[in-house]
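Heads up: the structure comes next, in structure tokens.
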Number of protein chains: 2
Amino acid sequence: MTTIYDVASRAGVSPATVSRVFNGTKVSPEKVEAVRRAAADLDFTPNRAARSLRTQTSEVIALVIPDIENPYFTEMARGVEDVASEAGYSVVLCNSDSQPDKESTYLQIAIAEHMSGVIIAAASDATNLDSILATGRPVVAVDRATRYDLDGVVMANREAGIAATESLIAAGYRRIAYIGGPEDIDTAADRAAGWRQALTDAGREADIAALQRFATFRVDGARAAMEELLALPEPPDAVVAGNNLIGVGAIQVLTERGLTPPAVGVAVVGSLPFTTLSPTAVSLVRLPARHMGVTAARMLLERIAGDAQPARTVVLRGETQRASANR
Amino acid sequence: MTTIYDVASRAGVSPATVSRVFNGTKVSPEKVEAVRRAAADLDFTPNRAARSLRTQTSEVIALVIPDIENPYFTEMARGVEDVASEAGYSVVLCNSDSQPDKESTYLQIAIAEHMSGVIIAAASDATNLDSILATGRPVVAVDRATRYDLDGVVMANREAGIAATESLIAAGYRRIAYIGGPEDIDTAADRAAGWRQALTDAGREADIAALQRFATFRVDGARAAMEELLALPEPPDAVVAGNNLIGVGAIQVLTERGLTPPAVGVAVVGSLPFTTLSPTAVSLVRLPARHMGVTAARMLLERIAGDAQPARTVVLRGETQRASANR
DNA sequence: ATGAAAGCGCTAACAC
DNA sequence: GTGTTAGCGCTTTCAT
């Protein structure tokens, strides 16, 4: 392993000068050149562990998400990564798998590695950020609010729930069910509230009790819920899916039963990135996941740079794409 | 920031003893207890930067992949993560975006951060691993071979191409096209070779020249290629997709034209994790992506532990799921 | 079993 | 503008 001392002696300068060259402080052109050549000759790579130890920071940010296999989160990760790497930061992607203990392990690692900041889509509203916040490191919440007073970027979930439901009403459906994520996650609760609101506005509040289901934000849970709904004495003629994977699960079950949309109406809060359906069969309230990641990363970088204004929350709206077909 | 010195003085022991407690060396039970309590009281987290600097390693492995938005790679990442975190390692997910310069930046970071090892799905066969290999750190190649003599885990791509094509022949299709990834990526080339082989075995080698297309491994490229094939004077009656995203793109175009499978036959090398199609309409050669990640991670951990046997290559076979319907 | 002390590679005063 | 030097927090001989 070559160090700045090796480079320094080869270039005939002091270690401090080598450090300065690599950190942009003023050094005379000749020495800069000498150092660069020596570094290249020796294939020198600065030791980040030493640098982090000395400066108490590292150009790394942690992105903690609950499901690495959900395209919504990978799209968001993509946005974070683009902004971060542009600014010279690396992103460590931490998959909490919705498990509080995995999540807190990753948070401890972020502290121990002196990472510059954290962007987190919390596994639950009980997520404990005390330790990381105590270190003074900035934290930005994405997708889901936390019980802390933090910068955050969230979707307009209630409005998305309303828009999804209304698109189905406009298409002529009447008995509209809802399958959402766990009730204790605010995104899921808000979207469900939007559905109830839209049902009430349409004079269908009587359906709420029978047609509301809370599953996981995953394909399997949604499949079970959809099957349960179809087994009802009076099954729904349409369904609002609380996220992308729930949409996939619901549509899978419908397709297997020969009820491919628009035979039964489907509206999804989120996108279906790898769908093979006709684009007009399903209503979508597309959520700008990449933009959420970009926004969160920018906010975090501002905080890292020392910005100390009060916590801000940015709310992003989904874009409704109404199914043109109806039954 | 609390250090081992703080913990040591509170526990009434030396810093060395605190270190020993956290590293499993022999310490008397009473002192262990005292140290643990002091550490808990002070909310002590060991400083990894200092540890890395001293030991010249860190319990972090880099996973470099070309497309974080492709479910194939996230599934693989999931496998790597499960094995690694089980063993106390963190995984830094690095998205090279198929760009050699982003890729080499991440490789430099892996060196500079003293990461224990690298698992890489190389952006191209020109990927340069000289520097990282020169540090003596283990590297495992996944999905794609490199020009180095390394441990690797790859799929049986040629066989997968053959199986996909044969499933279409068995279903009664005759004019079978192929859309694959970039010709200079060996996985893509091997799958294409499998398709040619199957065509030749079926006496259809005359179709090869007109019906072979190389796109990107993404949805958009596949869409364009599919449209081109359909515009042919004698369009194909079926198509083999070289990976999951190509399958999505091809099926999207077909669906938009009212040619939903099995009207035109489709076989995909890979899975369609979020498909909403009837499961019997499309043939799949499912690739065990998670298992690939698991295997690669295990091999890497063995190398990190000091295993010095000659380089091994593990070949994983896809599992064919034949479409039951034909036209 | 435990402590004292050196040193990993780097940066940031401070002196010149 | 450049060199000298102390020290970031940890692990690890080497004594005891």
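No hydrogens, no waters, no symmetry mates; every other heavy atom, side chains included, goes into these values. So you know, we letter chains A, B, ... as the sequences are listed, proteins then strands, and number each from 1.
Screening A:Val294, A:Thr295, A:Thr313 for a side-chain contact (heavy atoms from CB on, under 4.5 Å) involving A:Val153 leaves a single residue, A:Thr295. Screening B:Arg36, B:Lys31, B:Arg37 for a salt bridge (charged side-chain N to carboxylate O under 4.0 Å, His left out) with B:Glu33, the sole residue that qualifies is B:Arg37. Just one residue in the list A:Leu93, A:Asp143, A:Val142, A:Thr74 forms a side-chain contact (heavy atoms from CB on, under 4.5 Å) with A:Ile65, and that residue is A:Leu93.
In this structure, the CG atom of B:Asp6 is 9 Å from the P atom of D:dG9, given to the nearest Å. Per the geometry, CZ belonging to B:Arg54 stands 11 Å off C1' belonging to C:dA5, to the nearest Å. To the nearest angstrom, P of C:dA12 lies 12 Å from CG of A:Leu53. The nearest whole Å value for the distance from the CD atom in A:Glu59 to the P atom in C:dC10 is 15 Å.
Here B:Gln56 reaches the OP1 or OP2 of C:dG9: one of its side-chain N or O atoms lies under 4.0 Å away.
Side-chain atoms of B:Asn128 and B:Arg147 include no donor-acceptor pair closer than 3.5 Å. Side-chain contact of B:Ser116 with B:Glu59: a donor-acceptor pair under 3.5 Å is absent, judged by distance alone.
The stretch residues 40-48 of chain B touches DNA chain D through B:Phe44, B:Pro46, B:Asn47, each having a heavy atom under 4.0 angstrom from the strand. Within a heavy-atom distance below 4.0 Å of DNA chain C, the residues of residues 10-29 of chain A found are A:Ala16, A:Ser19, A:Arg20, A:Asn23.
Judged as a ring pair (Phe, Tyr, Trp, His ring centres under 6.0 Å), not a single pair has a partner in residues 61-88 of chain B (not counting sequence neighbours).
Salt-bridge annotation for B:Arg144 and B:Asp186: absent, with no side-chain N of the basic residue lying under 4.0 Å from a carboxylate O of the acidic one.
In this structure, B:Phe44 has its ring center at least 6.0 angstrom away from the ring center of B:Tyr5.
Annotation: of the two residues near DNA chain C, B:Tyr5 and A:Arg51, the 5′-most nearest-nucleotide partner is B:Tyr5.
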